[in-house]
Amino acid sequence: MRKRDRFLTGILLILIGVAIGTLFALYTINDDLAPLSEVRYTEIMKSESPFFEDEELADIDPRFVFKTIATNVTPSVVYIETIIPVSENGESTSDSFWNRVIPRRARTVGSGVLITSDGYILTNNHVIEDAVDKGIKVVLNDKREYPAKVVGLDPSTDLAVIKIEGGNHSAITVGNSESVDVGEWVLAIGNPFRLRSTVTAGIVSALSRDVQIIDDNFRIESFIQTDAAINKGNSGGALVNTSGQLVGINTAIASQSGSYQGYGFAVPVNLAMKVATDLIEFGEVRRALLGVSIASVDYNRAVDIGLEEVKGVEIIVITENGAAFEAGLELGDVILEVNGVEVNESNQLQEKIAIVRPGEKVELTIWRDGEEFNQFVELKMLEQQQINDLVGIPESPQEEENEPEVFELDVDFHEFDLGFRVIEVPVQNGQLNQLIISKVYKYSEAWNRGLKKNQKVISVDEIEVEDLESLKELIIENLNKNKSVTLEVLDEDNARGYVELKDN
């Protein structure tokens, strides 16, 4: 009996060990989001040259044009299948122990567009945002399958970039959404209802639509509207013109039934490619900021200020020390054009600014006191949520009646070659501005040495820094002299530390 008891006890211990190991494996395997892919920026094909000139199109059977486009573009559009965690009622799960131990999962489908030959794919954020670890699969037009990694997400435009392996993929040719006109033919290519490589045709119904479908405090909506059939599964697919060039990323439909009713919306490619290149280069979108709150000019306001036409966007709030303020813009100024392109709605101005990077200049055409003039403005960078956290503003503040719909803060910033970014946050009451580390790039010198986001920079080699300019000067001077610098930093809990960075 004693021998048999030892045997049964041993079997029981083995079973307990297997059970614990299985639970641990299940617990650790199910991350909520696929890991970010370390990527390098590669070439994106762009073209202003059409397959067919307007004169040629008039003499060509449209069926031949559509066939040619479909043949050339379809290999660039991919099928995306995403595994997401769900609860018993079918909704996305929270990150709890039992959801990890007994995971419930669902598969969602969408589309994407190959924008480089080495596997970068542009799609919608909502197609892949809730993916579990290793939960994104891409199927090419020739039925090859690849796992995909997340490169970056941008909820404010509902865009994302993922990456598959390989170096000879069929990348699409990128066009110019500024040249898109209402009434011209377009094709939508995607995977509605799991029907892969589906091509539908229609026209551009309208431009610069703001339909308030993106749930983000800093959303940018200036959609191309089309009546080309778009349904569930088309999200992230291509909207192309009669030259076979990508002009938009299909994103949403307006429907009472949940299916196509003639109203589809696509993110303009100029905005989409700006977001995509930022995500590929930096892993995040660097949002340029004008530093104003704005309102579209209506008929009564146009009459009041002497405009002969109802046009332009009026500045109703201007941020002190913001880009517009420093360029000499004033309350009541009406912005008529950005870099020579008319803006007649608030979302049009937001889109035109969103496609420009912080630090670049835009030329604004301004109406003031009955006169029109041009003014260059150097844009700053949006670091909104970090500033909100520092000054105690809640993430989703309650808007009071009659307050401007959009109000953002802007800050000065600098990217250091050692692998980190610093923003200068204004502080009142005569104190020195705070210098906050807003980004540390993976595998850089700063990252390897332990510098962390949200730390405050106090001194460089025991010399107190007063502002961003003095920080830049001290770092450059000491690197040239000693090939290294030591930063004194404060953590969020005010713990003091010292980080030595070397210029290898």
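What's counted below: heavy atoms across the whole structure, side chains too, no hydrogens, waters or symmetry copies.
Although no hydrogens or angles enter the test, the distance criterion places no donor-acceptor pair under 3.5 Å between the side chain of T123 and the main chain of G112. D503 places no side-chain N or O within 3.5 Å of a backbone atom of L479 that could act as its donor or acceptor partner. Although no hydrogens or angles enter the test, the distance criterion places no donor-acceptor pair under 3.5 Å between the side chain of T226 and the main chain of G264. Looking only at distances, a side-chain donor or acceptor of N124 sits under 3.5 Å from a matching main-chain atom of D158. With N478 contributing its side chain and I475 its backbone, the two residues share no donor-acceptor pair below 3.5 Å. N250 contributes a side-chain N or O that, together with a main-chain N or O of A238, makes up a donor-acceptor pair within less than 3.5 Å. A donor-acceptor pair under 3.5 Å is absent between the side-chain atoms of T200 and the main chain of A228, judged by distance alone. A side-chain donor-acceptor contact under 3.5 Å links Q348 to the backbone of N344. With hydrogens and angles ignored, the 3.5 Å screen pairs a side-chain donor or acceptor of D298 with a backbone N or O of R301. E129 contributes no side-chain N or O that, together with a main-chain N or O of H126, makes up a donor-acceptor pair within less than 3.5 Å.
By the side chain to side chain donor-acceptor pair (under 3.5 Å) test, K361 pairs with no residue at all, sequence neighbours left out. Among residues two or more places apart in sequence or in another chain, the ring pair (Phe, Tyr, Trp, His ring centres under 6.0 Å) test is passed with F416 by H414, F420.
Separating the CG atom in L207 from the CD atom in E178 is a distance of 9.5 Å, to the nearest 0.5 Å. Taking CG of L153 as the reference point, atom CD of E284 lies at 12.0 Å (rounded to 0.5 Å). One distance of note links OG1 of T365 with CD of Q375; it measures 10.5 Å at 0.5 Å rounding. Atom CG of L246 and atom CG of L239 lie 8.0 Å apart (nearest 0.5 Å). Separating the OG1 atom in T242 from the CD atom in E184 is a distance of 6.0 Å, to the nearest 0.5 Å. Atoms CD1 and CG, from I458 and L471 in turn, are 11.0 Å apart once rounded to the nearest 0.5 Å.
Shortest non-hydrogen contact noted between F223 and P268 is CA-CD, 4.3 Å. S296 and S346 make their closest contact through OG-N, 3.0 Å (heavy atoms, listed as atom of the first residue, atom of the second, distance). Scanning all heavy atoms of the two residues, the minimum distance from V343 to K352 falls at CG1-CG, 3.8 Å. Of all heavy-atom pairs between V127 and G110, the closest is CG1-CA, 4.1 Å. Between V247 and I224, the closest heavy-atom pair is O-CD1, 3.4 Å. Residue L279 comes nearest to V151 through the heavy atom pair O-CG1, 3.5 Å, listed as atom of the first residue, atom of the second, then distance.
More than 12 heavy atoms of other residues, nucleotides or ligands lie within 6.0 Å of CZ in F373, so this atom counts as buried by the packing criterion. For D417, the CG atom is loosely surrounded, since the number of other residues' heavy atoms within 6.0 Å does not exceed 12. The 12-atom threshold is not exceeded at CD of E462, counting heavy atoms of other residues, nucleotides or ligands nearer than 6.0 Å. Enclosure of atom CG in D304 by more than 12 non-hydrogen atoms of other residues, nucleotides or ligands within 6.0 angstrom is indicated.
Ion pairing between a basic and an acidic side chain is recognised when a charged N comes within 4.0 Å of a carboxylate O; E477 and K472 show no such pairing. One finds a salt bridge joining R287 and D154 here, because a Lys/Arg side-chain nitrogen approaches an Asp/Glu carboxylate oxygen to under 4.0 Å. The pair R219-D210 meets the salt-bridge criterion, with a side-chain N (NZ, NE, NH1 or NH2) lying under 4.0 Å from an Asp/Glu carboxylate O. Under 4.0 Å is where a charged nitrogen must lie from a carboxylate oxygen, and between E345 and R209 no such pair does.
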Derivation and outcome, side chain to side chain contact (heavy atoms under 4.5 Å, CB included), residues I172 and L114: CA-CA 6 Å; I172 203 165; L114 279 159; over 6 Å; no
Going through the distances and angles, do N374 and E363 end up as a side chain to side chain donor-acceptor pair (under 3.5 Å)? CA-CA 7 Å; N374 290 348; E363 184 179 12; 3.1 Å; yes
Report the C-alpha separation of E281 and R357 in whole Å, then their side-chain angles, then the decisive distance to 0.1 Å, and conclude whether the salt bridge (Lys or Arg N to Asp or Glu O under 4.0 Å) test is met. CA-CA 13 Å; E281 288 189 72; R357 285 188 170 177; 2.7 Å; yes
Report the C-alpha distance between I128 and I80 in whole Å, list the side-chain angles of each, state the deciding distance to 0.1 Å, and finish with yes or no for side chain to side chain contact (heavy atoms under 4.5 Å, CB included). CA-CA 9 Å; I128 57 111; I80 299 175; 4.0 Å; yes
Test log, rule side chain to side chain contact (heavy atoms under 4.5 Å, CB included), inputs I220 and T157: CA-CA 6 Å; I220 297 175; T157 55; 4.2 Å; yes
Test log, rule salt bridge (Lys or Arg N to Asp or Glu O under 4.0 Å), inputs K456 and E488: CA-CA 8 Å; K456 300 176 185 178; E488 180 186 359; over 6 Å; no
Would Y263 and D227 satisfy side chain to side chain contact (heavy atoms under 4.5 Å, CB included), going step by step from the backbone distance to the final call? CA-CA 5 Å; Y263 306 98; D227 66 353; over 6 Å; no
Check against side chain to side chain donor-acceptor pair (under 3.5 Å), S111 and N234: CA-CA 6 Å; S111 307; N234 273 111; 5.2 Å; no
Worked verdict on Q245 versus T173 for side chain to side chain donor-acceptor pair (under 3.5 Å): CA-CA 5 Å; Q245 300 163 342; T173 299; over 6 Å; no
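Taking the side chain as every heavy atom from C-beta outward, I121 and V161 never approach each other to under 4.5 Å. The side-chain heavy atoms of V489 and L451, taken from C-beta on, include a pair separated by under 4.5 Å. Put simply, the side chain of I280 reaches to within 4.5 Å of the side chain of I115, judged on heavy atoms. The closest side-chain heavy-atom distance from I249 to L122 is below 4.5 Å. At a threshold of 4.5 Å between non-hydrogen side-chain atoms, the residues V113 and V78 do not count as touching. V285 places a side-chain heavy atom less than 4.5 Å from the side chain of K274. S208 is listed as a side-chain neighbour of N347, based on a closest heavy-atom distance under 4.5 Å. Put simply, the side chain of V465 reaches to within 4.5 Å of the side chain of L435, judged on heavy atoms.
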Using distance only, find each side-chain donor-acceptor pair of residues 323-336 under 3.5 Å and give its atom names and separation, not counting sequence neighbours.
residue: E326; atom: OE2; partner: K380; partner atom: NZ; Å: 3.0
residue: D333; atom: OD1; partner: R368; partner atom: NE; Å: 2.8
residue: D333; atom: OD2; partner: E330; partner atom: N; Å: 2.8
residue: D333; atom: OD2; partner: R368; partner atom: NE; Å: 3.4
residue: D333; atom: OD2; partner: R368; partner atom: NH2; Å: 2.8

